Enquirer: 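Sharing a structure below in structure tokens format, with a few things to ask.
Bear in mind that the values here come from a model prediction, so they are computed numbers and not experimental data. Sequence lines set the chain letters: A, B, ... in the order given, protein chains first and strands last, and positions in each chain run from 1.
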Amino acid sequence: MTDVADIREATPGDPPVEVDRMLARIEAVNQFLHAAEGHLPADRLVAARTVAERAATRLALSRDHTVVALAGATGSGKSSLFNALAYFEMSPVGVRRPTTDVTHACVWGPPEGAARLLDWIGVLPRYRFVRESALDGDDEAPLHGLVLLDLPDLDSVQDRHRWEVERLLGLVDMVVWVLDPQKYADRVVHANYLRRFRQHRASTVVALNQADLLAPAEVPRVVDDLRRLLEAGELDGVPVLATSALHQASMANLRVTLEHAVATRQAALRRLSTDLDATAEELSALMGPAIPTDDVDGEAEQKLVNALASAAGVPALVDAAESAYRQRAIATAGAPLARGLRWLRPAPLRAGPPVPSELPGGTAPAAPHRPGAAPPPGPATIQRPIVGLAVRTAADRVGASLPEGWRDAVGGASRSRIDDLPDALDRAVAAVEREPDHQPLWWRPVGLLQWLVTLGAAAGLMWLLVGYVLRSLGLAKLTYPVVGPLPVPALMLLGGVLLTLLIAAAVTPVVAAAARRVGQRTDARLRAAVAEVGRDLVIAPIHTVLRAYLRASEAVTSLRAR
Amino acid sequence: MSTQGKEIITPRAPASSTAAEPVLRGALNRLRTALTAATYPLLLPSTDEARRTSAALLRQLDDYLLPRLARPDTPLLVVVGGSTGVGKSTLVNSLVQARVSAPGILRPTTRSPVLVCHPRDLSWFRAGNLLPGLTRTSRSGDTPGTLQLVSAPALPPGLAFLDAPDIDSIIDANRALATQLLAAADLWLFVTTPARYADAVPWELLRTARLRGAALALVLDRVSDRDRDELVAHLKEMLAAADLAATPLFVVPETKVDGQGLLPEHGTAQLRDWFGRMAADPESRARVIRQTFDGALAALLPVLTGLAAAADEQAEAAKMLNERVRAAYRIAYDTVLQGLPDGDLLPDESDLVALISDAAADAAERAYAGWRTHPAGLALLEPALARLGPDLPERAERLVRDWRSGTKAQADLVDGIEALMAEEATRYLCRVATPDPATTTGSGHGLGDELRHTAAEIEQARVRAARTDSPPERPTDD
């Protein structure tokens, strides 16, 4: 029969879809959804979730059945065609429009396997019919596994018919669009249905029913015109069959098409595969190019640490550590006079190094202390924007290479714990170990020397004072031993002062350098602690999004691979 | 202007040519201005419908209302409408007893609309007052925007048939044209078939016809004798349910066409009788014209009220969108002000720039989020708006630098920051481009008010005209 060959050829010759591959693709959709959940707006994932669930359910219910729907306008003869294919009256045929109110189903072969499938599709049990092969001999054997649905119309005044059709078109494996010579060019059918389902053209057949109403010579012209309309709607390659429910002979083509679909068991897989293709496109649109690195870049991180450090008052703490070291040096190795002077200085400096626990807690981190001035009110409030801006910059730099939805996710993640930052910074800074109060060995001898020198100078001064008092009272006149041009007590005083200054001059740069080193070490430790906080509270949430993005990206890649 | 038209119809002055006519003309012209001004730029749930309705109304004003008001005495135009494949062309050919419109088995059949009238009426239709947007031709073709004029001596004068394209044509232009032609009809002759009569699309149009109060007649074509009674009963039920029970219904039996492609005499006899009587009686013709015209005017009130509501919604939405942006930037401005150090202390320059930038970035995000939750806002957004203006940090730096090298008075800084935030907000605000009602209509109040006002004016004039005239009646049923 040449017709059979024609139809086989007309069915698009794509390679068969494998079940395992299909399951892997469904899994890929689920992986994507798992990765993107919480990062992308839920409404952009609904369609993909529906497709994945539907595909998994359809495959789980039955792989041996092929669900074919007869869809079309009212009066095009869907029900007559349904009855003719099943060889008996099941679905009402009438002149009143619209006729078919509910979906009818006919199962070829044992009904048990199809029951759950029809439950899922939503055909009520009393509208289900069975063609058992026992009644027909072997004539109907090639159609075993066919589940034929007669849908309500899609263009009548009954809106709920349209909703039913809409629902079922999402579930069936293959659709036979039943048109007729009067309605074959209706906008409703072409624009609202056929063109919308064009990606399913591999599982679409168009029947020009009631072909007996046309003169035999006119049939090919109308079929060609219909084919032209289909091609205009990007439905090229869809088989167009002229049928008439009145003549079984004219149904042979349709019957052969259905037999072919049942035999290959590809219709369901093809339909689901096309659904997954559409989902793949949809999900790809949510992804951008693969990101070159999954890391926050160094510069942004450095800026973030700087901002966090200044928010946590690190520069002030470093200053304090340095000056504490200097003060200890003065206390041990300084001239006794300088030590005494220390006590006259204003309180903040005398108090020695501020221990971290003295940091003002809460949302306003420590401000640098300036001698002689109350802490200005500005910086405390200005710290927050600096941190906010640094966090934003870090997120923007990472997000720049990402598509919009993910960029928002990165921004949201980066700020997700921004309110915890002040406390965390305080705790981190407080936990940093203080520089041990280590004293260099030379401090004590130098201090002793300073004492001795000062004592010498003081003795000289006393000597001079005693001589002066005695002389002024007229009691006695002391004669000082003289070395060179100067008397010994003056020499002791001047020499002592000079020596103190000299020692101080020699020691100060050494102490200053050591203080700087202490400051640097403190700074490094504090920054490390602050950076840790930044990594935990800002960068880690960003990484979570980036990892999700990479997982989603991989899932889309494996979904796209057919 | 045709003088022949006056010979055909008795010069009895219909409603609209009374004293109310100049008032009505003025109101309709004002309506035209108001409709042109209302563009519904924001994408709201009502916008699509409003734009479509507004465009259709404008067309109806030019195609039908204004010309009909000027010349109520010209031939009655019967527009034959229906779905694809119901046999409109064959029916028109049979009614005028000439093959004027080409039927065929391929759909859609009627490409450019064909108007058939008596040779004496030809010059009126050729003058182009009615349906001025369509170019008149004498040859059939499928050039868009043309109207083919054909004269048929078998047709009585005073009556013209227009074979419209399919109302459900797959070609969008055809469908739009069909709607446009129906809006210009004095009488709608609706054709359907047993396969078609329950389709949703035609019933949509029949409902429109009822709302417009248009004179309407229905033809059920290609009916086999066997099904006739059941079908007619069901169709009458449906008509009654749609509040169209009084619509004359004609049944044309399924027959073979003759050699010329015309239906046999007996099939269309009833219909031709009905039209023949109407053609012979200028009074009943004028009544039909008046009924449809009055219905079209009466239908303006609810439609314009709807349009006015849509215009109000536009203004409301624009206000809300602007308000959301302004609120976001007001918060930013306040944040910066609170962050400024007290008294004469000079804040660090980079700190201040950071403070301004962060606040502006926050505001941009807040405004973005505010728009995203609004349908009209969502349509106006683009990703860049969620972030700072590209040169804001630079401008903030310049502002702070200038201020520090200048007066150093806090008031100057505050002014500068306010201006900066206002500029940032403008990135959003300039997208809500609603025409200022005061400049477009010249009346000072909103477009919604203008539409409502004009609608009330038209309704008043219509009621006054109807009072001086007999109440409108439906064409007599056979």
Enquirer: Got a salt bridge between A:Lys183 and B:Asp168, using NZ or NE/NH1/NH2 to carboxylate O under 4.0 Å?
Expert: no

Enquirer: How close do A:Ser156 and B:Ala200 get, counting heavy atoms only, and between which atoms?
Expert: O-CB, 3.3 Å

Enquirer: Take atom CD of B:Glu394 as the centre, draw a 6.0 Å sphere, and report whether it contains more than 12 heavy atoms from other residues, nucleotides or ligands.
Expert: no

Enquirer: Begin with the C-alpha distance, continue with both residues' side-chain angles, and end with the deciding distance and a verdict on salt bridge (charged side-chain N to carboxylate O under 4.0 Å, His left out) for B:Asp362 and A:Arg415.
Expert: CA-CA 12 Å; B:Asp362 258 349; A:Arg415 282 190 294 279; 5.7 Å; no

Enquirer: Taking every heavy-atom pair that is under 4.5 Å apart, which of B:Asp172, B:Val201, B:Leu231, B:Asp227 has the most such pairs with chain A?
Expert: B:Asp227

Enquirer: Return the CG to CD1 distance between A:Leu389 and B:Ile356, rounded to the nearest 0.5 Å.
Expert: 11.5 Å

Enquirer: Any side-chain heavy atom of B:Ser83 within less than 4.5 Å of one from A:Gln182?
Expert: no

Enquirer: Does A:Asp396 offer a backbone N or O that forms a donor-acceptor pair with the side chain of B:Arg387 under 3.5 Å?
Expert: no

Enquirer: Between B:Thr84 and A:Arg187, does a side chain to side chain contact (heavy atoms under 4.5 Å, CB included) hold up when you go through it step by step?
Expert: CA-CA 9 Å; B:Thr84 167; A:Arg187 197 186 85 88; over 6 Å; no

Enquirer: As a test of understanding, state which of A:Asp153, A:Thr74, A:Val157, A:Val188 forms a side-chain contact (heavy atoms from CB on, under 4.5 Å) with B:Asp199.
Expert: A:Thr74

Enquirer: Is B:Glu254 in contact with chain A via its backbone, its side chain, both, or neither, using a 4.5 Å heavy-atom distance?
Expert: neither

Enquirer: Can you tell me if B:Asp225 has over 12 outside heavy atoms packed within less than 6.0 Å of its CG?
Expert: no

Enquirer: Measure distances from B:Glu204 to the heavy atoms of chain A and classify the residue's part below 4.5 Å as side chain, backbone, both or neither.
Expert: neither

Enquirer: Relative to chain B, which segment of A:Asp159 carries a heavy atom at a distance below 4.5 Å: side chain, backbone, both, or neither?
Expert: neither

Enquirer: Could you measure the distance from the CG atom of A:Asp155 to the CZ atom of B:Arg196? Nearest 0.5 Å is fine.
Expert: 7.0 Å

Enquirer: Just give me the residue among A:Arg162, A:His190, A:Arg392 that pairs up with chain B most often, heavy atom to heavy atom, under 4.5 Å.
Expert: A:Arg392

